[in-house]
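Okay, so here's the structure we're looking at.
In what follows, chains carry the letters A, B, and so on, assigned in the order in which the sequence lines appear, proteins first and then strands, with residues in each chain numbered from 1.
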Protein chains: 2
Amino acid sequence: MAEEKQDKSEQFVCSACGDKHPQERETGCICRCPEIIAELEQCMPCEEEIYDVSELFRVLGDLTRAKILFALSQREMCVCDIAEVLGMTQSAISHQLRVLKQARLVRYRREGKAVSYSIADHHVKTILSMGIEHVAE
Amino acid sequence: MAEEKQDKSEQFVCSACGDKHPQERETGCICRCPEIIAELEQCMPCEEEIYDVSELFRVLGDLTRAKILFALSQREMCVCDIAEVLGMTQSAISHQLRVLKQARLVRYRREGKAVSYSIADHHVKTILSMGIEHVAE
DNA sequence: TAAACGTATGAACAGATATTCATATGTAAG
DNA sequence: CTTACATATGAATATCTGTTCATACGTTTA
């Protein structure tokens, strides 16, 4: 009976490769063939790599942090000056600098009582300006 | 008396410009001069522009959406195929595609019952690959 | 027209997160 | 050593956000 079912044209012409495939997809969707699904699954980056990328963008994707990075892309600054430029509290800035530090997007060094922050590397500047460019269209 | 106070070296040598400035900063920090603060405030992008940039990165900064964009950067795909490749439900993918649509990062077109999604423009691919490059180091 | 299928969406819930407040830490000056 | 100042941080809170579930919508086919 299972045989009969299979013989009774439980197949469809794949729109992607032109071949015929049995309807064995879990989702029920038959618009693409299983081979192509498998191929895509194969060429996807590994979980860790793709997580790191989304993590990078997540850190950039906050208004306060974006402002901080813009300011630091102009010049090295201490915490309270960043706070003044952005019109925010020292505590809020400090918390966000911690996030940026952990993501290795900024560097810091002590200068007496103050701590001076700066952009970690030119890569960060490049990604930032890519973002501006895209938004400006 | 206010005059006396000012005369009594209520000034400091600015480490940035070498000039002397009165201690009139609200935060109390005197590590940078007011002129430089003002200059930075001036060269900061307008609120709307910087918001749009952070918004762009915010949308990219989610694991599921990053995966979707990676998949779509390989080929145009329908919703249920994306769901299968990522091993997630159709609903979850559809909700995220809505976010990507609103951010104009993906395009879509009906193909019979199915809806095919694709990357909106090459700019998106570029930003994505910049992210990968940065993470790979 | 009814059934099947692919997709979209509203409500609900759990988990993440940004700011505030209070306070601790580290450094320099008196 | 005490005081002042710049920064860091833990706790609390309000807000945001991603997934699930149920269901509606739109298209095709019988």
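The distance from atom CD1 of A:I82 to atom P of C:dT19 is 14 Å, rounded to the nearest whole Å. One can place CD of B:E55 at 12 Å from C1' of D:dT17, the figure rounded to the nearest angstrom. Atom OH in B:Y108 sits about 14 Å away from atom C1' in D:dC25, given to the nearest Å. Residue A:I93 contributes atom CD1, which lies 15 Å from atom P of C:dC21 at whole-angstrom precision. Put simply, CD1 on B:I68 is 11 Å from P on C:dA8, counting in whole angstrom units. Note: CD (B:E111) to C1' (C:dC5) measures 15 Å, nearest angstrom. Across the protein-nucleic acid pair, A:L63 atom CG and C:dA18 atom P stand 11 Å apart, rounded to whole Å. In this structure, A:L86 places its CG atom 15 Å from P of C:dA18, rounding to the nearest Å.
Classification of the B:F57-A:F57 ring pair by plane angle, with boundaries at 30° and 60°, yields parallel.
Residues A:G112 and A:M88 both approach DNA chain C. Their nearest nucleotides, taken by heavy-atom distance, put A:M88 toward the 5′ side. Each of B:T64 and A:V79 lies near DNA chain D, and the nucleotide nearest A:V79 is the one positioned closer to the 5' end.
Side-chain nitrogen and oxygen atoms of A:T89 include at least one within less than 4.0 Å of the OP1 or OP2 phosphate oxygen of C:dT20. Between A:R110 and C:dG26 there is no side-chain N or O to OP1 or OP2 distance below 4.0 Å. Proximity of B:R58 to the phosphate of D:dT17: a side-chain N or O atom is located under 4.0 Å from OP1 or OP2.
Closest contact between the side chain of B:K113 and the listed nucleotides D:dC5, D:dT28, C:dA18 involves D:dT28. Taking only side-chain atoms of A:R98, from C-beta outward, the nucleotide of C:dT7, D:dG18, D:dT9 with the closest atom is D:dT9.
One distance of note links CZ of B:R75 with CG of B:D81; it measures 8.5 Å at 0.5 Å rounding.
B:Q90 places a side-chain heavy atom less than 4.5 Å from the side chain of B:V79. Between B:R107 and B:I119 the shortest side-chain heavy-atom distance does not fall below 4.5 Å.
Checking side-chain atoms of A:R58 against main-chain N and O of B:D62 turns up no donor-acceptor pair under 3.5 Å.
Within 4.0 Å of B:A92, counting heavy atoms only, lies at least one base atom of the nucleic acid. Among the heavy atoms of the strands lying under 4.0 Å from A:Y117 are primed sugar atoms or P, OP1, OP2 only; no base atom is included.
Counting atom types as modelled, B:Q90 pairs a side-chain N or O with a base atom of C:dA8 as donor and acceptor under 3.5 Å. For C:dT9, the base has a donor-acceptor partner in the side chain of B:S91 [N/O atoms by modelled type, under 3.5 angstrom]. Remark: the A:Q96 side chain and the C:dA18 base include no donor-acceptor N/O pair separated by less than 3.5 Å.
Stacking here means ring centres nearer than 5.5 Å and ring planes tilted less than 30 degrees, and by that measure B:H95 does not stack onto D:dT19.
One finds a salt bridge joining B:K67 and A:E47 here, because a Lys/Arg side-chain nitrogen approaches an Asp/Glu carboxylate oxygen to under 4.0 Å.
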